[in-house]
K.L.:
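A single structure is presented below for examination.
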Protein chains: 2
Amino acid sequence: MTAPTPIRPTATDAEVCCSRLLAEPLGADDASELAAAFKALADPVRLQLLSLIAVAPGGTACSCDLEEPVGRSQPTVSHHLSILADAGLITKEKIGRWVNCTIVPERLAQLRDLLGT
Amino acid sequence: MTAPTPIRPTATDAEVCCSRLLAEPLGADDASELAAAFKALADPVRLQLLSLIAVAPGGTACSCDLEEPVGRSQPTVSHHLSILADAGLITKEKIGRWVNCTIVPERLAQLRDLLGT
DNA sequence: TCAATGTATCGACAGTTATCGATGAATGCA
DNA sequence: TGCATTCATCGATAACTGTCGATACATTGA
């Protein structure tokens, strides 16, 4: 997860028609990077958090409003939010005592495009 | 993973514009189902296997030809292939002594669409 | 029928992960 | 300054997961 790849690279090559995943044999390094990205989505609590943040006004929600809907403790929610942030799926901004979590739809689109276009 | 949802549902509702994940607060059950699907993709070895199968002629590869490229033992490869099959990402067909694994691109497209359209 | 081969299953083990309570740090308010 | 609140970190624990060797099963060919 180093260089931010473009969201929708203009396909100049005709072979870039389907999935990057399906276009060529995946190397071990690329596979690890990709797997790490999907790992962030591979947990029901994180998917719920992501969904709650996405549907909140402006795609932004306070961390404190997320504990009750997912039914987990504050440390657990904090842990999952950090994982989502590390994966680039949300951003966390500290406003006073609160932490505002904002969805990053471009990142979601990026992962989507890895599965096919 | 019960009812096979259509690959690209015709969006009659204007609100079905982006991601199912981002369209509404995800329930715990839906979240678990979705997470299970992404879990199958959240491992580098499985991604490599998927890639190898996809680029093989006809999108089909013999299980025996996959152990060497991923550098894992036969039981481990068998284990991962079962997970991919359970997730609907590949099908396994026993031909004599061999097991032919075939990619299911529709399933991949399904997961892609869950991230956005 | 027997040996060889491809695959699945079993048992074990190490590493990872989700979870929580307790605690500490940072901020805002009275 | 002191207190309440919000969040992150720590430590512990239970559950899950990836991995392999050993072994059992199934099929083919001699």
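Lettering of chains follows the sequences in order, A, B, ..., and the numbering in each one begins at 1.
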K.L.:
So, does A/K94 get its side chain near the phosphate of D/dT6, meaning an N or O under 4.0 Å from OP1 or OP2?
P.N.:
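No, because none of the side-chain N or O atoms of A/K94 sits under 4.0 Å from OP1 or OP2 of D/dT6.
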K.L.:
Just how far, in rounded Å, is P of C/dT9 from CD1 of B/I83?
P.N.:
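Roughly 12 Å, once rounded to whole Å.
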K.L.:
Does any part of the side chain of A/I53, heavy atoms only, come nearer than 4.5 Å to the side chain of A/T60, both counted from C-beta?
P.N.:
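SC-SC contact between A/T60 and A/I53 ruled out.
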K.L.:
CG of A/L41 versus C1' of C/dA18: gap in Å, rounded?
P.N.:
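Going from CG in A/L41 over to C1' in C/dA18 covers 17 Å.
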K.L.:
Could you check how far CD of B/Q48 sits from C1' of D/dG18, rounded to whole Å?
P.N.:
14 Å
K.L.:
Which whole-number value in Å describes the distance from A/N100 CG to D/dA8 C1'?
P.N.:
16 Å
K.L.:
Nearest to the B/E67 side chain among D/dT5, C/dT7, C/dA18, which nucleotide is it?
P.N.:
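The nucleotide sitting nearest to the side chain is C/dT7.
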K.L.:
5'-most contact on DNA chain C: A/R97 or A/K39, nearest heavy atom basis?
P.N.:
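The 5'-side residue here is A/K39.
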K.L.:
Please check the phosphate of C/dA8 (OP1 and OP2 only) for any side-chain N or O of B/S78 closer than 4.0 Å.
P.N.:
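Checking C/dA8 against B/S78, a side-chain N or O does come within under 4.0 Å of OP1 or OP2.
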K.L.:
OP1 or OP2 of C/dA18 less than 4.0 angstrom from a side-chain nitrogen or oxygen of A/R46, does that happen here?
P.N.:
yes
K.L.:
Rounded to whole angstrom units, what separation is found between the CG atom of B/L81 and the P atom of C/dG6?
P.N.:
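Atom-to-atom, B/L81 to C/dG6, this comes out as 15 Å.
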K.L.:
Quick one, B/L81 and B/V77 - any side-chain contact, counting heavy atoms below 4.5 Å?
P.N.:
yes
K.L.:
Base, sugar-phosphate, or nothing: which does A/H79 touch, judged by heavy atoms less than 4.0 Å apart?
P.N.:
base
K.L.:
A/L41 versus A/L50: any side-chain heavy-atom pair under 4.5 Å?
P.N.:
yes
K.L.:
Could you check which of C/dT7, C/dC20, D/dT28 has an atom nearest any side-chain atom of A/S73?
P.N.:
C/dC20
K.L.:
Send over the distance from A/L66 CG to D/dT6 P, rounded to a whole Å.
P.N.:
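So the CG-P distance, A/L66 to D/dT6, works out to 13 Å.
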K.L.:
Which listed nucleotide (D/dT6, C/dT7, D/dT17) is nearest to the side chain of B/Q74?
P.N.:
C/dT7
K.L.:
Whether the B/T102 and B/K92 side chains hold a donor-acceptor pair (N or O, under 3.5 Å, no angle test) is what I'd like checked.
P.N.:
no
K.L.:
Hey, are the side chains of B/W98 and B/C64 touching, using non-hydrogen atoms and a 4.5 Å cut-off?
P.N.:
yes
K.L.:
Judged by each residue's nearest nucleotide on DNA chain D, which is more toward the 5′ side, A/W98 or A/P75?
P.N.:
A/W98
K.L.:
Let me know the distance between CG of A/L84 and P of C/dT17, rounded to the nearest Å.
P.N.:
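So the CG-P distance, A/L84 to C/dT17, works out to 14 Å.
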K.L.:
Expressed in angstrom and rounded to an integer, what is the separation of A/D65 atom CG from D/dC7 atom P?
P.N.:
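Those two atoms, CG and P, are 8 Å apart.
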K.L.:
Whether A/T76 contacts C/dC20 is assessed here as follows: a side-chain N or O lying under 4.0 Å from the phosphate OP1 or OP2. Is that the case?
P.N.:
yes
